[in-house]
Number of protein chains: 2
Amino acid sequence: MSQLLRTHIEAICPLSDEEFAHILSHFKLRKLKKHAFLVQEGEYVRQEYFVLKGCLKAYIADPETGNEFIYQFGAEDWWMTGREAFFKETKATINIDCLEDCEVLGITLEDRNKLGADLWKYEHFLQVKANLGYISLQKRLQLMIMGTAKDRYEHFIRQYRQYPQLFSRIPKTHIASYLGVTRETLSRLYRR
Amino acid sequence: MSQLLRTHIEAICPLSDEEFAHILSHFKLRKLKKHAFLVQEGEYVRQEYFVLKGCLKAYIADPETGNEFIYQFGAEDWWMTGREAFFKETKATINIDCLEDCEVLGITLEDRNKLGADLWKYEHFLQVKANLGYISLQKRLQLMIMGTAKDRYEHFIRQYRQYPQLFSRIPKTHIASYLGVTRETLSRLYRR
DNA sequence: CCGTTAACGTGATATTTGTCACAAAATCAA
DNA sequence: TTGATTTTGTGACAAATATCACGTTAACGG
């Protein structure tokens with residue numbers, strides 16, 4: 001199962017068996033039931049997580065309207081955390097919860113830093129990963145501003161296609177939230 | 001002048017004189033006139049740049065409408081590049097040009113990688129910087145979807161306040177583009 | 001310095017998208 | 001299984017924002 005993590009890291013930076021064992025020893029497996037929170041608003045975010053199994057949504061609740069804006073889905077092979085709170089060691093302003101039963105590997109900030117200091121390759125992995133994440137987030141922002149809801153929908157499908165059955169399992173309501181439109185609007189876009 | 005870069009890096013990771021000298025030796029100074037392109041659509045992006053002086057805009061041109069979406073302003077102390085094209089060594093899909101005369105320090109991808117491999121501190125700096133960038137981009141996306149144009153305007157002013165006189169020098173048309181509204185809408189938001 | 005260009009504000013109107021209300025279908029959990 | 005909850009579609013209407021048109025002011029560059 002943890003082979004997933006190795007493959008994931010090695011896509012950026014090949015590792016020896018010892019190196020990977022050393023990395024893996026810093027992670028702790030966590031299993032969560034559907035609807036369980038991985039990160040909850042107002043609490044500290046002690047770890048960042050690599051998803052081995054299941055699917056999660058990360059979202060911001062709007063206290064005014066009661067709406068939620070889903071800014072990320074996480075499936076197998078994705079990282080999930082309340083990034084700002086995790087790095088700055090402050091309380092989360094976002095929530096992450098499980099759309100289905102999940103298994104994740106968690107690492108604390110302290111261990112993350114230690115690992116990066118021990119092993120240049122891990123630091124490099126983190127650097128490249130963060131930059132790639134930045135690039136795709138930028139693309140999403142661009143699409144949000146310049147693209148139509150339909151563009152965004154199509155881009156979304158392309159991006160998540162690689163995760164089989166996942167797309168069909170996410171309710172349209174959530175997808176609409178991710179795309180920044182109401183479920184009604186999304187529904188109408190697909191009548192035409 | 002290059003003291004700016006040192007202070008910037010040391011905000012994340014303190015350096016010895018030798019270390020900084022080593023870092024600096026990988027950068028090359030470039031001076032540009034107002035309206036000059038730093039990055040141009042369709043061309044390779046050979047370097048990433050640290051801004052020493054002046055102000056630039058990074059934008060995507062929409063071939064359909066002729067509009068442009070400004071996704072970032074860069075002033076002194078900011079990094080600017082066509083990030084995707086720079087990392088993936090492909091042709092740029094974005095433009096960056098100077099709103100006024102500029103001075104920047106440029107580093108090639110090869111030198112960037114070499115520097116990171118030579119000096120763990122630099123790799124660490126890049127890693128942290130990318131993560132902080134990701135966080136602020138995420139905040140911007142959130143604001144774009146959940147906030148009103150006014151929220152975005154106010155956030156924008158707060159973010160750029162630290163760059164004296166800069167804000168007043170950027171035409172409102174450009175600010176509107178950055179905020180994802182038309183200049184007319186922005187103008188009206190501020191009558192009220 | 002002066003002609004040209006860019007920036008800015010504002011009205012009238014069109015378009016997009018959101019909100020509210022309701023009902024049918026699908027899914028969930030005891 | 002079965003009653004409750006969630007998801008989905010759709011109409012009518014409201015609100016936000018874009019588009020087009022025009023004129024004035026400010027800034028730029030030779």
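Every chain is numbered from 1 and lettered A, B, ... according to where its sequence line falls, protein lines coming before strand lines. None of these values were measured; they are calculated from a predicted model.
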Practice problem: Return the value, rounded to whole Å, for the distance between atom CG of B:Leu186 and atom C1' of C:dG9. | Solution: 11 Å
Practice problem: Please report, rounded to the nearest Å, how far the P atom of D:dG9 is from the CG atom of A:Leu189. | Solution: 12 Å
Exercise. Find the distance B:Lys150:NZ to D:dT17:C1' and express it as a whole number of Å.
Key: 16 Å
Practice problem: Please answer whether the main-chain N or O of B:Tyr71 pairs with a side-chain N or O of B:Arg140 as donor and acceptor at a distance below 3.5 Å. | Solution: yes
Quiz item: Side chain of B:Asn95, backbone of B:Gln40: donor and acceptor closer than 3.5 Å?
Solution: no
With 3.5 Å as the limit, what N/O pairs link the protein to nucleotides 4-7 of chain D?
none

Self-check item: Residues B:Arg152, B:Val181; criterion side chain to side chain contact (heavy atoms under 4.5 Å, CB included); working and verdict
Solution: CA-CA 10 Å; B:Arg152 286 178 247 154; B:Val181 294; 4.0 Å; yes
Exercise. Rounded off to whole Å, could you give me the CD1-to-C1' distance for the B:Ile175 and C:dA7 pair?
Key: 12 Å
Practice problem: Can you check each nucleotide of nucleotides 20-30 of chain C against protein heavy atoms at under 4.0 Å and return B for base, S for sugar-phosphate only, - for none, in 5' to 3' order? | Solution: BB------SS-
Quiz item: Can you tell me if the side-chain N/O atoms of A:Thr182 get under 4.0 Å from OP1 or OP2 in C:dT17?
Solution: no
Quiz item: How far does OG1 of A:Thr108 sit from CD of A:Gln47, to the nearest 0.5 angstrom?
Solution: 6.5 Å
Practice problem: Provide, to the nearest angstrom, the distance between the CG atom belonging to B:Asp101 and the P atom belonging to D:dC28. | Solution: 12 Å
Quiz prompt | Inter-residue atom distance B:Arg83.CZ - B:Ile94.CD1, 0.5 Å rounding | solution = 11.0 Å
Practice problem: Compare side-chain N and O positions of B:Thr185 against OP1 and OP2 of D:dT17 and report whether any pair is under 4.0 Å apart. | Solution: no
Quiz item: Relative to each other, are the rings of B:His124 and B:Trp120 parallel, tilted or perpendicular (30° and 60° limits)?
Solution: parallel
Quiz item: To the nearest angstrom, how far is B:Ile145 atom CD1 from D:dA16 atom C1'?
Solution: 17 Å
Quiz item: Under the criterion ring pair (Phe, Tyr, Trp, His ring centres under 6.0 Å), which of A:Trp79, A:Phe27, A:Phe125 is the partner of A:Phe50?
Solution: A:Trp79
Exercise. Evaluate the side-chain proximity of B:Leu126 to B:Arg112: yes if any heavy-atom separation is below 4.5 Å, no if none is.
Key: yes
Quiz item: Rounded to whole angstroms, how far apart are CZ on B:Arg169 and P on C:dA7?
Solution: 15 Å
Exercise. Write down the distance between CE (B:Met144) and P (C:dT17), rounded to a whole number of angstrom.
Key: 16 Å
Quiz item: Which residues pass the side-chain hydrogen bond (donor to acceptor under 3.5 Å, both in side chains) test with B:Tyr59, sequence neighbours left out?
Solution: B:Asp97
